[in-house]
2 protein chains.
Amino acid sequence: MKRWKCIISYDGTHFGGYQIQPNQRTVQGELERVLLQMHKGDPIRVVASGRTDAGVHAYGQVIHFDSPLQLPTEGWKKALNAMLPDDIVIRQVQEVNASFHARFSAVGKEYRYKIRTASEQDVFSRYYSYHYPYPLNDEAIKQALQLVKGTHDFTSFCSAKTEIEDRVRTIYEANLLVADDGIEFQWIGNGFLYNMVRILVGTMLEIGQGKRHWSCIPSILEGRDRRLSGRTAPPHGLYLWQVFYDN
Amino acid sequence: MKRWKCIISYDGTHFGGYQIQPNQRTVQGELERVLLQMHKGDPIRVVASGRTDAGVHAYGQVIHFDSPLQLPTEGWKKALNAMLPDDIVIRQVQEVNASFHARFSAVGKEYRYKIRTASEQDVFSRYYSYHYPYPLNDEAIKQALQLVKGTHDFTSFCSAKTEIEDRVRTIYEANLLVADDGIEFQWIGNGFLYNMVRILVGTMLEIGQGKRHWSCIPSILEGRDRRLSGRTAPPHGLYLWQVFYDN
């Protein structure tokens with residue numbers, strides 16, 4: 001039995017999210033279906049670094065699985081890419097030892113959120129960036145980003161449905177990047193709560209538009225109440241960009 | 001009765017091409033369906049600058065139609081965008097006089113062809129650029145591009161099925177641009193024959209790979225035979241970029 005780690009990309013548009021659910025097309029479902037075929041009907045469980053919601057993309061999601069098959073690294077990559085649908089791509093395959101776990105070994109993650117600010121709609125990016133054609137004050141956003149960096153209780157920035165008790169996370173990087181026809185947020189942290197990046201982005205956009213002042217961030221964090229922060233930005237601008245592990 | 005000119009974008013992925021065909025989803029079909037609704041059942045004919053094939057995209061296709069409706073420019077744009085499917089976007093609407101004709105008034109066109117040369121597949125561009133992960137000699141391609149510029153009989157660079165007798169066209173610009181993760185060809189000319197850009201691109205790729213020498217271009221043109229040129233590049237890298245009119 002060998003353990004395989006894969007870095008995968010997927011276009012989240014036509015998935016009901018990463019995780020298997022009844023009557024939904026899911027990324028995990030497609031991966032396990034293909035592995036089942038390769039293993040002649042023996043089910044193989046795929047473990048990911050975490051879930052992504054419907055419509056959310058991944059450039060660098062990480063998964064692992066165990067297999068008795070004697071295939072070389074390149075053989076896995078070719079076989080999986082040949083059998084998977086074209087909205088999932090295996091970018092890298094690597095043999096790892098049994099102590100590696102895609103979720104529990106992860107020490108951090110990077111998310112990106114793409115926003116098209118150009119006034120005109122663009123048919124080619126409609127599923128790949130959030131069209132938000134309003135003037136934004138970049139300086140105000142940058143001030144606010146400085147204030148969310150660091151270690152905080154992010155209760156105000158996660159879905160009210162979040163069941164996890166410990167909502168203290170550390171954001172290492174929160175950057176505003178200039179991109180073609182818009183902007184991109186880069187978020188690097190030791191972990192992110194449910195909807196956390198989308199609520200952070202929604203709040204930043206309200207700050208950029210002048211609906212809130214950047215100095216409101218500390219009091220939102222202090223309040224530990226989801227109702228204090230901004231609205232949840234839509235899923236299709238969000239990308240799980242990479243997952244970090246100790247090597 | 002007023003004549004309206006529109007600049008439109010479409011994602012060609014899920015269309016059987018621009019032009020109406022039985023049992024196919026087409027761009028013209030969608031446009032005329034929406035106009036039929038707006039005109040309470042009176043059919044309105046849409047005229048485009050030219051067709052595009054299945055899978056080919058348009059950033060700046062031009063159409064015109066005549067309508068008795070009294071709608072302002074912005075009203076047309078909003079109504080059409082609200083009713084059209086999300087893979088067609090009306091970028092601009094303009095009232096023109098009755099002498100304007102989207103096809104016959106066009107004096108030139110620009111096409112772009114996007115190629116991803118990075119070795120790794122990219123899930124987000126799979127329908128929007130041609131993945132061609134081979135080393136290319138840019139200088140050889142540029143030499144060949146110089147040789148196709150100008151006025152020539154392009155019989156060797158159009159589909160053997162082309163019915164038009166006069167195959168003399170003028171290419172004003174034939175450029176190789178560097179793009180993210182790849183290259184882009186820019187073609188500007190007074191007109192392009194059926195499959196001409198895709199055959200030109202396919203031939204340029206063979207030259208870039210060293211399968212042919214750039215100096216073969218004059219003899220291919222001279223030969224007036226489709227079998228002399230390279231293979232037809234796939235549709236999904238091709239974009240009708242803009243259409244030129246005398247103003």
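First the proteins, then the strands, lettered A, B, ... as listed; each starts at 1. Any value given below was found using the heavy atoms of this structure, including those in side chains, with hydrogens, waters and symmetry copies removed.
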Between I90(A), D11(A), T13(A), D122(A), which has the largest tally of heavy atom pairs under 4.5 Å with chain B?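 Top option by heavy-atom pairs under 4.5 Å: D11(A).
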Picking from D87(A), N81(A), V89(A), which has the most non-hydrogen pairs under 4.5 angstrom with chain B?
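Going by pairs under 4.5 Å, I would pick D87(A).
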Query - Any donor-acceptor pair under 3.5 Å from R3(B) side chain to N97(B) backbone - result: no
Query raised in the report: Are the side chain of N175(A) and the backbone N or O of L177(A) linked by a donor-acceptor pair below 3.5 Å?
Result: no
Counting only heavy atoms closer than 4.5 Å, note whether [X] contacts chain A via side chain, backbone, both or neither.
X	answer
R126(B)	side chain
Y127(B)	side chain
E120(B)	side chain

- Flag this pair as yes if the NZ/CZ of R91(B) is under 6.0 angstrom from the six-membered ring centre of Y59(B) and inside a 45 degree cone about the axis; otherwise no. yes
Would you say the side-chain atoms of Q242(A) and E110(A) include a donor-acceptor pair closer than 3.5 Å? yes
Margin query: Is it the case that the side chains of T73(A) and E95(A) hold a donor-acceptor pair, with the cut-off being a distance below 3.5 Å and no angle test?
Written below: no
